[in-house]
Number of protein chains: 2
Amino acid sequence: MGAKSRKKVLEAQTVKYAAIFAALGDPIRLALVNKLSDGTAKSISSLTDGTKVTRQAVTKHLRVLEDAGLVQGSRIGRENLFELDLRPFKDMKDYLKFVSNQWDAALLRLQAFVEDDDE
Amino acid sequence: MGAKSRKKVLEAQTVKYAAIFAALGDPIRLALVNKLSDGTAKSISSLTDGTKVTRQAVTKHLRVLEDAGLVQGSRIGRENLFELDLRPFKDMKDYLKFVSNQWDAALLRLQAFVEDDDE
DNA sequence: TTAAAATGCAACATAGAGGTTGCGTATCAT
DNA sequence: ATGATACGCAACCTCTATGTTGCATTTTAA
């Protein structure tokens, strides 16, 4: 065992993953991600178009996404251009895969048990 | 076009996905999912063990997960046993894949453009 | 039968998310 | 130079998510 127990590490991982999921857990933010998924960086004003909220609200949402590492902004002239960062998405995929794998392993164990019971 | 515009449908999808992501966007709920990922149904009290919150709090979290379709509870005697439902997880995977695909397609278009520029 | 276990229901508290408005500043375009 | 564009900051508001406590109800087990 290292300095941290397995439990602590798992808990830290859980908190990290939860933060990423939470960032996507809002319709407006998910819509922003959709807009940005075409790979091109977009300004705040541009991202506000088509939304039912204020530019300020969108700015706050972008901040949330940025804190979660899902997007990254860079100031160009008078514009603040945001673009997607796919790395956290891979993290989420990995987590979902982990859950599925646990599940599948459980099913296999159950099946083995039942078959064993048949003999 | 059907009765609903594509935009409306997309928006509805986005709201649905956001609800699922939001359900996982909490450390306690994610920990509950972890516990349940071994495939066995567990009672509320059992799920409360190891948590830093009250049974009532866990109950509320389970309700959130249930509303999102991630878990399902069934009353057996004096216990309320909850188990995971993997279907929404597949939905999330699909969404993440969609974003990745958009991204990859964008990169390909960019690459094609650059190569075209080279000639 | 009776104490313990598991849960549900309801009232309550509170911090924070999500949103708006107002105003100031920097930058672009003409 | 100057109006329009894009943005940041800060104050403020409101609602809801999260959590607690208290009490009643149902089941189980000795």
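So that the names make sense, note that chain A is the first sequence line, chain B the second, and so on, each numbered from 1.
Ion pairing between A/D94 and A/K90 holds under the 4.0 Å rule for side-chain N and carboxylate O. Checked for salt-bridge contact, B/E11 and B/K16 miss the test: no charged N lies under 4.0 Å from a carboxylate O.
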Side chains of residues 18-26 of chain A: which donor-acceptor partners sit under 3.5 Å, not counting sequence neighbours?
unit_1	atom_1	unit_2	atom_2	d
A/D26	OD1	A/I28	N	2.8
A/D26	OD1	A/R29	N	3.2

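Nucleotide D/dG8 holds its C1' atom 11 Å from the CZ atom of A/F82, rounded to whole Å. Distance CZ (A/R63) to C1' (D/dG8): 9 Å, rounded to an integer number of Å. We find that CG of B/D49 is positioned 14 Å from C1' of C/dT7, with the value rounded to whole Å. If you take CG of B/L62 and P of C/dC9, they are 14 Å apart, rounded to a whole angstrom.
Residues B/Y95 and B/M92 are not in side-chain contact: their nearest non-hydrogen atoms beyond the backbone lie 4.5 Å or more apart.
In this structure, CG on A/D91 lies 9.5 Å from CG on A/L70, to the nearest 0.5 angstrom. To the nearest 0.5 Å, atoms OG (A/S74) and CD1 (A/I76) are separated by 4.5 Å. Here A/L36 contributes atom CG and A/L84 contributes atom CG; the two are 5.5 Å apart, rounded to the nearest 0.5 Å. Expressed to the nearest 0.5 Å, how far CZ of B/F89 lies from OG of A/S100 amounts to 7.5 Å.
For A/D104, the salt bridge (charged side-chain N to carboxylate O under 4.0 Å, His left out) criterion is met by no residue, not counting sequence neighbours.
For the OP1/OP2 pair of D/dC7 and a distance below 4.0 Å, the side-chain nitrogens and oxygens of A/S45 include at least one atom meeting the criterion. At the phosphate of D/dG8, OP1 or OP2 sits under 4.0 Å from a side-chain N or O atom of A/N80.
Distance alone, capped at 3.5 Å, places no donor-acceptor pair between the B/Q72 side chain and the B/E66 backbone. With A/K42 contributing its side chain and A/T40 its backbone, the two residues share a donor-acceptor pair below 3.5 Å.
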Please encode protein proximity along nucleotides 10-24 of chain C as a string of B, S and -, counting only heavy-atom distances under 4.0 Å. --------SBBBB--
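Side-chain contact of A/S46 with A/K35: a donor-acceptor pair under 3.5 Å is absent, judged by distance alone. No hydrogens or angles considered: nothing links the side chains of A/N34 and B/Y17 as a donor-acceptor pair under 3.5 Å.
Bending across the helix from C/dT1-D/dA30 to C/dT30-D/dA1, expressed as the angle between its end axes from five pairs apiece, amounts to 30° (10° rounding).
Each of B/R75 and A/I76 was assigned the nucleotide of DNA chain C with the nearest heavy atom; the assignment lying further toward the 5' end belongs to B/R75.
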Under 3.5 Å, which N/O atoms of the protein pair with N/O atoms of nucleotides 1-5 of chain C?
unit_1	atom_1	unit_2	atom_2	d
C/dA5	O4'	B/R78	NH1	3.3
C/dA5	N3	B/R78	NH1	3.3

Identify the pairs formed between an N or O of the protein and an N or O of nucleotides 14-16 of chain D at a distance under 3.5 Å, and give each distance.
none

